[in-house]
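Remember, it's 1-based here, ligands and their atoms both numbered in the order they're listed. Only this structure's heavy atoms are used, side chains among them; waters, hydrogens and symmetry mates stay out.
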Amino acid sequence: MSGSTITPWVIGNWKMNPMQADASALLQDFKQLLNNQNIAEDSCHIGVAPVAIALSAVRDELKQANRKILTVAQDLSRKAGTGAYTGEISAELLKDSAIEFVLVGHSERREIFGDHPQIINEKVKNALNAGLGVIYCVGESLEQRESGQAEHVVLQQICDIAAVVQPAQWKSIVVAYEPIWAIGTGKTASPADAQAMHAKIREGLSQITPEGQQMAILYGGSVKPENAVELAACPDINGALVGGASLNAESFYQIAQAFANTK
Ligand code: 13P
C-alpha cells in the first residue's frame, strides 16, 4: 500500500486503433471480466479513449457495464463552440455527446501534428470552460533526458497551462507523465525514475495550486500487467495511461486491478 488517498485512474488510450468489430469484441471481453470479478468504483476510475468516430458507440456500449467506465476523447479542437471549422470537434460538441474527459497534449499530437504550447493552451481552456475534465500529458524525449533536461522540460509543460487554468479548474485536471522514449517501445521508466519525476511534478503543481497535493498523476509508457504492480506501489503514481496493452481486455483488466488493489 502506498498510503496515497488519491483514487487511481487507469485509462486506455486506443490511439488510431482498432477496427469497429475488434473494438466491440474488446469491450465485450472487458465487461465480461468485470462481470466475473468487478473492480470497486471507489478503488479505481477506469476509462477508454477510442477514435473520435467511435466515441458515441463506445459510450453507449459502456452504459451496459456493471460499473462506471468513462469514455474519453483523444483530442479536441482549438476552436470553441460551433462554426465553420471543417474536420474539427469542439469541447462543446464533446460535452453535448455526454463525453466527460479529453486527452490534451499527448506527445504524438505535439510531435506529429504540431500541437505547440499555444494550441495546447487553447484546447485546455476550451475543454475546461465547457466543463470537460482534462487528462494533460507531459513528457520528455530521449535526447532531453540524456542531456539532463527532463525535469526542466516536464515542469515547463506543467507551467505552460497555468496561464489558462482558473484556480477552481485545477481539480478537473489529471496529469499524465509519459516519457516519449517509453511510449510503444517496451521500455518503461524504472519505478524509481518514474516516482522521482512524479514527485517533481507534484511539487511543481503544488507551487501553482493548493489542489496539487490531491491531483492524480498518471504514468504512461509501456505499462503492462508485468510492471503495473510495481508502478502502482509508488506513492506519487496515481494510475496509468495505457496504450498498446489497453487493446487486450485481459491485460487492461489486470492493470486496472493492480492499481485498484494497491491503493
Ligand atoms: P504504450 O502503452 O503503447 O507505450 O503507449 C503509451 C501512451 O502513449 C498512452 O497514451
Which of the atoms of ligand 1 are close to [X], meaning less than 4.0 Å from one of its heavy atoms?
X: Gly221; value: 4 (O), 6 (C)
X: His106; value: 7 (C), 8 (O), 9 (C), 10 (O)
X: Ser222; value: 1 (P), 2 (O), 4 (O)

Mode of Leu241 contact toward ligand 1 - side chain, backbone, both, neither (heavy atoms, under 4.0 Å):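 Both backbone and side chain of Leu241 come within 4.0 Å of ligand 1.
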Using a heavy-atom cut-off of under 4.0 Å, does the side chain or the backbone of Ala182 touch ligand 1, or both, or neither?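 Looking at Ala182 and ligand 1, just backbone atoms fall under 4.0 Å.
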Before accepting this row, confirm whether a basic side-chain N of the pair Glu100/Lys68 lies closer than 4.0 Å to the acidic partner's carboxylate O. yes
Check this for me: does any side-chain nitrogen of one of Asp75 and Lys123 sit under 4.0 Å from a carboxylate oxygen of the other? yes
[X] N/O under 3.5 Å from ligand 1 N/O:
X: Gly244; result: yes
X: Gly243; result: yes
X: Thr185; result: no
X: Glu108; result: no
X: Gly184; result: yes

When you measure from atom 9 (C) of ligand 1 to every protein heavy atom, which one gives the shortest distance, and what is it? Glu178 OE2, 2.8 Å
To check your reading of the model: name the closest protein heavy atom to atom 5 (O) of ligand 1, its residue, and the distance in Å.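 Protein heavy atom at minimum distance: Lys15 NZ, 3.2 Å.
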So, Ser90 side chain and Gly81 main chain: donor-acceptor pair closer than 3.5 Å or not? yes
Does Gly220 reach ligand 1, in the sense of a heavy atom lying below 4.0 Å from it?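 Heavy atoms of Gly220 never come under 4.0 Å of ligand 1.
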Please determine whether any non-hydrogen atom of Ala245 lies less than 4.0 Å from an atom of ligand 1.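 No.
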Around atom CD of Gln64, are there more than 12 heavy atoms from other residues, nucleotides or ligands closer than 6.0 Å?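 Correct, the count exceeds 12.
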Over 12 non-hydrogen atoms of neighbours within 6.0 angstrom of NZ in Lys224: yes
For the residue pair Ile158 and Val175, what are the closest heavy atoms and their distance?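 Result for this residue pair: CD1-CG1, 4.0 Å.
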Just say parallel, tilted or perpendicular for the rings of Phe101 and Trp9, cut-offs at 30° and 60°. perpendicular
Over 60° means perpendicular and under 30° means parallel, so classify the ring planes of Tyr219 and His198, tilted if in between.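 Ring orientation of His198 relative to Tyr219: tilted.
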Do Arg110 and His116 make a side-chain contact, defined as non-hydrogen atoms from C-beta onward lying under 4.5 Å apart? no
